[in-house]
Amino acid sequence: MAARMERFVSPGKGNGVRATARIRRGELVYSAEPLASCVSNKQAREVCHHCFTRCKTLLRCSQCKMARYCNTTCQKQAWSGHKTECKCLRSLLPRAPTDSVRLAARIIFALLNPSHSRSGELYPLDEHESHLDSMSEHKRQGLSQLASMLELYLQQEVPHLAQDMTSALPPSCQETLSLIAKVTCNCFTISDGELQEIGVGLYPSLSLLNHDCRPNCVMVFEGTNLQLRAVQDINAGEELTISYIETLVLTDERRKQLEEQYHFICHCQRCDSKDKDSLMLSGDESAWQRLKEALPGLEKLKAESNWEALLESCNHLLSAVGGEVPDENQYKLRLTDMALDASIQLGLWEDALRYGQKTLPVYRQYYPDPHPVHGVQLMRVGKLQHYLEHLQDALETFKQAHQIIKITHSDSHPLTTDLLMKMEECRAEIAQRSSSSR
């Protein structure tokens, strides 16, 4: 693929990436495979550790008991990379390394492999920032603990770790603390088509992309392949940006997260204007404070998959605040989304649809089209409408989703293929219903 972006010095930001030619929205700007990647621990039992596909039944590695594969083909293809880490995983049993430790180890294995080559990277790993000098002592201590875990994890397979790292790794990656810091600051969350986290990976060239709370590009994945797509028309010489974080939070919270995790204060147009903050906090403050205070407990119920208790609590709180807090309030929206998730898990489809429909006008305000989060939410609601045989409504919702998804994911993405199939099913069922009523 011809290069459509180049590295440059972005004023006030340091390194960045800009377009080398005009790019229209929906176009693929860049795609890349990771230097290294791994499935997240919390998804380890649900996602194939080779192709990163969700499967209900997975084959487990008989030795480390952790790696899982959707079939023997994936297991065999993964073995050349997995056999190195398999011994390391076995040495820690019954414990498991954190995602960042496992990813850092895989990066080391990749760099120690003589056949491994990543020529042409815009941003070699050696140049990645660790930010060790600017981080708090508390955070540095946390990373030091991860570095110690990495060394312990690697002892079984790389007994002469210090010597091997000195001889084969770039100078700035030879200390485990520096490498762990680079990984935590520069890795990307790998998500499925519906934007649910499935893993983490390091994509060196794309670590150059700077953040904006209203970016002109989005990242989507097919397996581990990262695709950078334009969601706005971009002129030659214009900087390419992505969002590092979930943007449906208040400006001060976004800035705090970005400073703590990525070591910069965001001065994008949305942050400087505090756009949407007043809308996110609309309604009676004493009422929405109750919702805000309840969120940690509700998140705990969700993490425990205690869906009945979660739905009961959400219903009670949402009924209690009633019209005092509008649907646009960020805390009410989060509770409504949780109630939607719980209703789906419990098979309460009518309730799920009611909650889902409440979110759509609000998503449209907070995620201006074309935004993948809005597109995926439309798909969720459309599937509920289809299941409940609200066929005309479902078709219309799917059409709206397609207008977004074809730009953010492309027409060839598996999610788009699934969406088009759903639309055809709706049309066929509408036609069948029409013919049978004659």
Side-chain angles (χ1 to χ4, degrees), residues 1-8 16-34 52 122 188-196 201 203 205-248 268-270 360 363-383 395-424 426:
M1 184 175 69
R4 310 189 71 182
M5 64 184 201
E6 65 181 4
R7 180 175 175 173
F8 81 120
V17 181
R18 64 186 174 192
T20 56
R22 179 168 170 76
I23 302 170
R24 296 192 179 278
R25 73 176 194 164
E27 290 186 346
L28 177 66
V29 181
Y30 191 85
S31 67
E33 291 292 340
F52 282 56
L122 292 176
F188 289 111
T189 297
I190 299 172
S191 58
D192 61 16
E194 296 186 358
L195 310 181
Q196 298 301 304
Y203 300 78
S205 290
L206 293 167
S207 297
L208 275 173
L209 289 161
N210 283 317
H211 166 86
D212 196 289
C213 293
R214 190 166 287 132
N216 55 21
C217 294
V218 295
M219 296 185 304
V220 294
F221 295 84
E222 284 193 52
T224 58
N225 181 260
L226 189 160
Q227 299 175 0
L228 181 71
R229 294 193 170 275
V231 290
Q232 300 172 18
D233 290 337
I234 302 170
N235 294 318
E238 190 176 341
E239 182 167 14
L240 306 179
T241 56
I242 58 172
S243 178
Y244 292 176
I245 60 171
E246 166 56 61
T247 55
L248 186 49
C268 72
Q269 186 275 332
R270 184 176 172 190
L360 291 182
Y363 269 58
R364 192 173 292 113
Q365 291 186 68
Y366 288 130
Y367 298 107
D369 291 341
H371 198 294
V373 171
H374 183 211
V376 168
Q377 191 76 345
L378 282 163
M379 274 193 73
R380 294 183 82 195
V381 172
K383 287 179 180 179
L395 181 58
E396 183 56 37
T397 304
F398 285 144
K399 285 179 180 178
Q400 292 177 43
H402 184 245
Q403 291 302 309
I404 298 170
I405 297 295
K406 70 180 182 181
I407 294 171
T408 60
H409 289 63
S410 85
D411 273 328
S412 62
H413 193 280
L415 186 73
T416 319
T417 303
D418 178 48
L419 175 56
L420 291 171
M421 286 177 61
K422 292 291 184 188
M423 291 168 67
E424 284 307 309
C426 281

Given side-chain contact (heavy atoms from CB on, under 4.5 Å), test Gln400 with Leu360 step by step and report yes or no.
CA-CA 11 Å; Gln400 292 177 43; Leu360 291 182; over 6 Å; no

Do Leu378 and Tyr363 pass the side-chain contact (heavy atoms from CB on, under 4.5 Å) test, and can you show the C-alpha distance, the side-chain angles, and the key distance before you say yes or no?
CA-CA 9 Å; Leu378 282 163; Tyr363 269 58; over 6 Å; no

After noting the C-alpha distance and the side-chain angles of His371 and Val231, does the key distance pass the side-chain contact (heavy atoms from CB on, under 4.5 Å) rule?
CA-CA 8 Å; His371 198 294; Val231 290; over 6 Å; no

Full working for side-chain contact (heavy atoms from CB on, under 4.5 Å) between Asp233 and Glu27:
CA-CA 9 Å; Asp233 290 337; Glu27 290 186 346; over 6 Å; no

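The OH atom of Tyr203 sits 12.5 Å away from atom CG of Leu228, with the distance rounded to the nearest 0.5 Å. Note that CG of Asn216 and CD1 of Ile23 are 8.5 Å apart. Values are rounded to the nearest 0.5 Å. The distance from atom CZ of Arg214 to atom CD of Gln232, rounded to the nearest 0.5 Å, is 9.0 Å. To the nearest 0.5 Å, atoms CD (Gln227) and CG (Leu206) are separated by 11.5 Å. We find the OG1-CE distance between Thr416 and Met423 to be 11.0 Å, quoted to the nearest 0.5 Å. Taking CZ of Arg364 as the start and CD of Gln377 as the end, the distance is 11.0 Å to the nearest 0.5 Å.
The shortest side-chain heavy-atom distance between Thr241 and Cys268 does not fall under the 4.5 Å cut-off. Leu248 is listed as a side-chain neighbour of Tyr367, based on a closest heavy-atom distance under 4.5 Å. For the pair Arg229 and Ser410, the minimum side-chain heavy-atom distance is below 4.5 Å. Contact of the Pro414 side chain with the Glu222 side chain is registered, since non-hydrogen atoms from C-beta on lie closer than 4.5 Å. Using a 4.5 Å heavy-atom threshold, the side chains of Tyr30 and Leu226 count as separate. Residues Ile242 and Phe188 have side chains in contact (heavy-atom distance under 4.5 Å, counting atoms from C-beta outward).
A pairwise comparison of heavy atoms in Pro372 and Val218 identifies CD-CG1, 3.9 Å as the closest pair. The heavy-atom pair separating Ser205 from Leu122 by the smallest distance is OG-N, 2.8 Å. Of all heavy-atom pairs spanning Asn210 and Gly16, the tightest one is ND2-CA, 3.6 Å. For the residue pair Val29 and Cys217, the shortest heavy atom distance occurs at CG2-SG, 4.5 Å. Across all non-hydrogen atoms, the minimal contact from Thr224 to Ile190 is CG2-CD1, 4.4 Å. What you find for Pro368 and Tyr366 is that their closest heavy atoms are CD-O, 3.4 Å.
For His211 and Tyr244, the distance between ring centers is under 6.0 angstrom.
Screening Glu6, Glu239, Glu238 for a salt bridge (charged side-chain N to carboxylate O under 4.0 Å, His left out) with Arg18, the sole residue that qualifies is Glu6.
Salt-bridge annotation for Asp369 and Arg25: absent, with no side-chain N of the basic residue lying under 4.0 Å from a carboxylate O of the acidic one.
In this structure a side-chain-to-backbone donor-acceptor pair under 3.5 Å is missing from Arg270 to Asp212.
Note on ring orientation: taking the six-membered ring where Trp is involved, the planes of His413 and His409 are perpendicular (angle over 60°, cut-offs 30° and 60°).
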